[in-house]
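Fair warning: this is a prediction, and the values are worked out from it, not measured in the lab. In what follows, every chain begins at residue 1, and chains take the letters A, B, ... in the order their sequences are listed. What's counted below: heavy atoms across the whole structure, side chains too, no hydrogens, waters or symmetry copies.
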Amino acid sequence: MSDVGTKELRIVGFLCNWCSYGGADTAGVGRFKQPTDLRIIRVPCSGRVDPLFVVRALLTGADGVLVSGCHPRDCHYSEGNYYARRRLEMLRRLLQFMGIDEKRFHYTWVSASEGQKWQQVVTDFTKQVHELGPLHDKKEKAD
Amino acid sequence: MALNQNPYMPEMATVTRIIEETPNIKSFQVVFNDKEKMKAFKFQPGQVGQLSVFGVGESTFVINTPPTRMEYLQFSVMKAGEVTSALHNLYEGDQIGVRAPLGNYFPFDRMKGKNILFVGGGIGMAPLRTLILYMLDNREDYKDITIIYGARTPPDLCYKEDIKEWESRKDVNLILTVDAQFPGWEKRVGFVPTVLKEVAPKPDNTVAITCGPPIMIKFVLEGLAELKFPDDQIVTTLEKRMKCGIGLCGRCNIGHKYVCKDGPVFTLRELKELPDEA
Amino acid sequence: MSTEKLKEIILKVLPDVDTVIGWQEGFDKIHITPFFMKSPEDAEKAVWNSLCVQNLAAYLPSLKKKTAVIVKGCDSRTIVQYMQEGLIDRSNVVIIGIPCTGVVSVKKVLKAVDYQPIEDVKFSDEKIIIKTSKGEKTLAIADVCPDKCKTCQYPTPIVYDHLAGDPIESTKPAESVYEDIKEFEKKSLEERRDYFKNEFDKCIRCYACRNACPMCVCQDSCIAETRDPHWITQKLSSEEKMMFHMIHAVHLAGRCVECGECERVCPMDIPVAKLKKKINSEMKELFDYVPGVNPEDKPPMYTFNVEEAKIKEHKL
Amino acid sequence: MADTGFLPKEKLKDFLEALSKDAVVYAPALEGDIVLFKEYSQGKDLYLDRPANLGPKSIIYPQCETLLSFDFKKNDPEDPKKVDIELKTESNFANTVVFGCRPCDAKGLVIYDKVFIDTDTADPYYKERRDKTTIISFACEAPFAGCFCTAVGGGPADTTGSDVLMTDVGDGFFFEALTEKGKAVLKSVPMQDGASYKEKAQKIKSEAEKKIRNPFPKDATEKLSQKLFDSDEFWEKVVSKCISCGACTYLCPTCYCFNITDEKTKDKGERIRTWDACMFNHFTLETSGHNPRPSKLKRFRNRVGHKFLYYPEKYNGVIACCGCGRCIRYCPASVDISEIVGYLKDPKQK
């Protein structure tokens, strides 16, 4: 059971190493209660998140995908998240066009110190995905 | 039919020993899990097998032990692509699949009573090793045996144990060479085709068998032509990207010949009749 | 524009280049085929009419020697985009532009004549007259043109060295370009999802769309076939096919010049250009950017603004 | 009377329904604007007006087929590193009828048979499908764009590879059983006696044959010019426009080259066989980076060579092309293989 009350779904989170992964860590250290649907994949930078990572996840079993990086102006590599912002915005609109609800995909910025914000993002996004339910029929779900 | 009813079905086998030949070549000694099948297994020197790492894929390698030594089958693998890397990650005791024997073999019967010249480079020594060992096990059938073997550096020479044995034998003329000077190396230095010309073996009643990287083969063939070896006394083995191994999938063909089924062993004369797509 | 004028230019250009890429008659009267002209005799066989649909500029990056290419307005956007991305050496290319009022979609014509073998084709006054064993049929070119012609903004090539004819202005409203996309978006999410699933299920992975695409630069090293990285399997499932088409579309974000080749060449008649057109409509909306019109531009995915005027942070 | 039969047009669906009782029936159907072979089900529309975009080859030789599947099992609790591998093959192909393919499509299967069945390493997957399938071909009355079946030894009513040949005789269809399988099919369904239509059908068929174009001399003994075949210049001239996609090969009823790949998830996987195309660069690309056919010129030459030289060399002069014209019709650049072979047979043309 997921913490939001229904059966656990699969949500994949791509978190940048420098800010958001730290943020998630801060939330963990602070023992903030979070839903357990999220599987985190640590990436060097949100700029590393090829839109195709998101597509692949959504096509092969994920019910939602969350991308989180450093706040604009705070990128460890100065500008990775600026590129990410353009790409992910493009992707968001393409997914909606293809019939995958844009609410299943969210990108945001969380810094290493924002444990509380991280908790909020995960909780809210998980709730949002649960409202939509599973993306795949059970039989379609890949292993 | 030597193969299973289903030609795509590999025989499960266990890797019993792994030998690190060079920094990027390992030899795998393999035994079929089914003891009866191992006992009944027949092949000829030069034939190849497809090794499967399940989930990664299949790749073709020559069986480099001779049919006269059947305790295990040995395959030498140079780490290059996906399957070879997966093979290099195996441990002794691991399971692999084997589809063998495939392809044709060296015309060793036709070579009886002749002088034999082997010219090998790098991993290209693998198919030659089969035939050399086979001939040494039937030594009286063949006359002089000369082996020219080269590699980039001394550590890149494969089959060091065999080399030691061949060096000690009086009935084998072994010539080793490396591409450039190397600390501690006192033997020949130079590319294989150059050494071939220096050694200048006589073509009379001699068969030349060569295998190595494509560029080496190209120059060795030129060298042999200069030494007046006739085309049908030059034998080489080819390598191609292969998938099915049984002449169906269509990628290893040179003209109407499939390297996996009609090859890998060809005489130079046969090759000259085919399109230039080696 | 007369074919004679075009031949004149070809003959003039030929001595300076290795090849002039144009069109010639194909295996039947309705199929025009690319023609790599090397000699004045070849030039005699060159044709230009509304059946010259194929985007010849797509051959340029693979050619090493100096080449002249005949382009329509739409095709010229390919060259502009190549210039933006440094994929061709402009000094190595001679562009022969043709002002074009619209071409013909062979698929649409064949459908209109019930796929009968075509015996003859004639043109008269914005019409195409098709003769089959069942008789003659006259079709207005506007009714059988590819969708891209209906909203064409660039009837005259944007770049050219020689122009075969007089420049013409577009008569189509600029807002019309993405109308079909807006129309499609009126469908529900489920309808759209089913639509794409059904369409892409027809895909046989022949990669004609990819190979015909002038902006698909990976070509032989396509991620759809490599195993390292192993993005997609060789299986024939909907997911794998969808993934391939997503890869294609996403790699073309802000780069697709809307030549429509991907859709034209698809042997399974899949509307593969739709995704790319959608992305382009977003590029226009987000960054006011149109690919392939200004050689000095930078594709929007290759750059950024610290403050993005039109991208707002999304609230959960 | 089981050898021939006649059905009025309105009875055709009853015929298909009767067939579907004992077999899975595939028949051509419209899918948007294209024609594909679809499993026939009651009341479904048939489409026989033109050949399918993709012939029935995918039914007998599917684009993706599982050769074997494997499970990785850790059976030894003492040694967690030890992985046992279990191999499995499955076959559950039902009796099948392919209805309404064209004679060229059926001829293509015979070309596959030589490769997949008439060999010491027969392909069990193909063989099973082939054995369990009955082919009912529909004779063409007239050619379609690009067709050249007669030039490669076929014809609009060629019977090679078919079990039953069906001819449209105006008010209905005339059926001829050509094999035991075909006889069994005709026997299984009530049908009028067809004998009185035989002559009419014959006439329609020979009329059709006259309408097919002949891009090169039919005479099979007419060899291709080896000199031209070996000339890079020639190939450059004819294939510069090729875009190296796989449309021609995937749609071709006689192209059979394939790839074998492993796909796995955590604890299981499959070895699959998928269509591959000799027109792709990676088809022959070796790990070392060496490619024996590195240019589209070489690849195209191999494709033509395979069909018109290498295959005939191996199989008694049989040409591995059925003249269906799909590779011409659907080629993105309208490359015309019949024109190329025409040049090779008669180099003076060029």
Closest-packed option against chain B by number of heavy-atom pairs under 4.5 Å, given [options]:
{"options": "D:D123, D:T261, D:N291", "result": "D:D123"}
{"options": "D:F70, D:F283, D:F116", "result": "D:F283"}
{"options": "D:E286, D:H306, D:K264", "result": "D:E286"}
{"options": "D:H290, D:R271, D:K298", "result": "D:R271"}

Cationic N near anionic O, under 4.0 Å, B:K261 to D:D120: yes
[atom1] of [X] to [atom2] of [Y]: how many Å apart, nearest 0.5 Å?
{"X": "B:L274", "Y": "D:Y310", "atom1": "CG", "atom2": "OH", "value": "8.5 Å"}
{"X": "D:L87", "Y": "B:M9", "atom1": "CG", "atom2": "CE", "value": "5.0 Å"}
{"X": "B:N253", "Y": "D:Y311", "atom1": "CG", "atom2": "OH", "value": "14.0 Å"}
{"X": "D:L68", "Y": "B:N6", "atom1": "CG", "atom2": "CG", "value": "7.5 Å"}
{"X": "D:F72", "Y": "B:Q95", "atom1": "CZ", "atom2": "CD", "value": "11.5 Å"}
{"X": "B:I254", "Y": "D:T284", "atom1": "CD1", "atom2": "OG1", "value": "11.0 Å"}

Check the surroundings of atom [atom1] in [X]: do more than 12 heavy atoms from other residues, nucleotides or ligands lie under 6.0 Å from it?
{"X": "D:E233", "atom1": "CD", "result": "no"}
{"X": "D:N316", "atom1": "CG", "result": "no"}
{"X": "B:Y105", "atom1": "OH", "result": "no"}
{"X": "D:D230", "atom1": "CG", "result": "yes"}
{"X": "D:E236", "atom1": "CD", "result": "no"}
{"X": "B:Q74", "atom1": "CD", "result": "yes"}

Interchain contact, [X] with chain B, by part (heavy-atom threshold 4.5 Å):
{"X": "D:F229", "answer": "neither"}
{"X": "D:F258", "answer": "both"}
{"X": "D:V115", "answer": "both"}
{"X": "D:T119", "answer": "side chain"}

Do D:P124 and B:P7 have side-chain heavy atoms sitting under 4.5 Å apart? yes
So, using side-chain hydrogen bond (donor to acceptor under 3.5 Å, both in side chains) as the criterion, who are the partners of B:R17 when residues are at least two apart? none
side-chain hydrogen bond (donor to acceptor under 3.5 Å, both in side chains) against B:T84, all qualifying residues, sequence neighbours excluded: none
Which atom of B:H256 lies closest to which atom of D:K314, heavy atoms considered: O-NZ, 3.8 Å
Pairs of heavy atoms under 4.5 Å with chain D: top-ranked of B:C249, B:G250, B:G81, B:C252: B:C249
Could you list all the side chain to side chain donor-acceptor pair (under 3.5 Å) pairs where at least one residue sits in residues 240-251 of chain B, not counting sequence neighbours? B:K243-D:N259, B:R251-D:D276
Part of B:E82 within contact of chain D (heavy atom distance under 4.5 Å): neither
Between B:D262 and chain D, with a heavy-atom cut-off of 4.5 Å, which part of the residue counts as in contact: side chain, backbone, both or neither? side chain
Aromatic ring pairing D:Y125/B:Y8, orientation class (parallel under 30°, perpendicular over 60°, tilted between): tilted
Heavy atoms under 4.5 Å from chain D: which residues of residues 47-60 of chain B carry them? B:S52, B:V53, B:F54, B:G55, B:V56, B:G57, B:E58
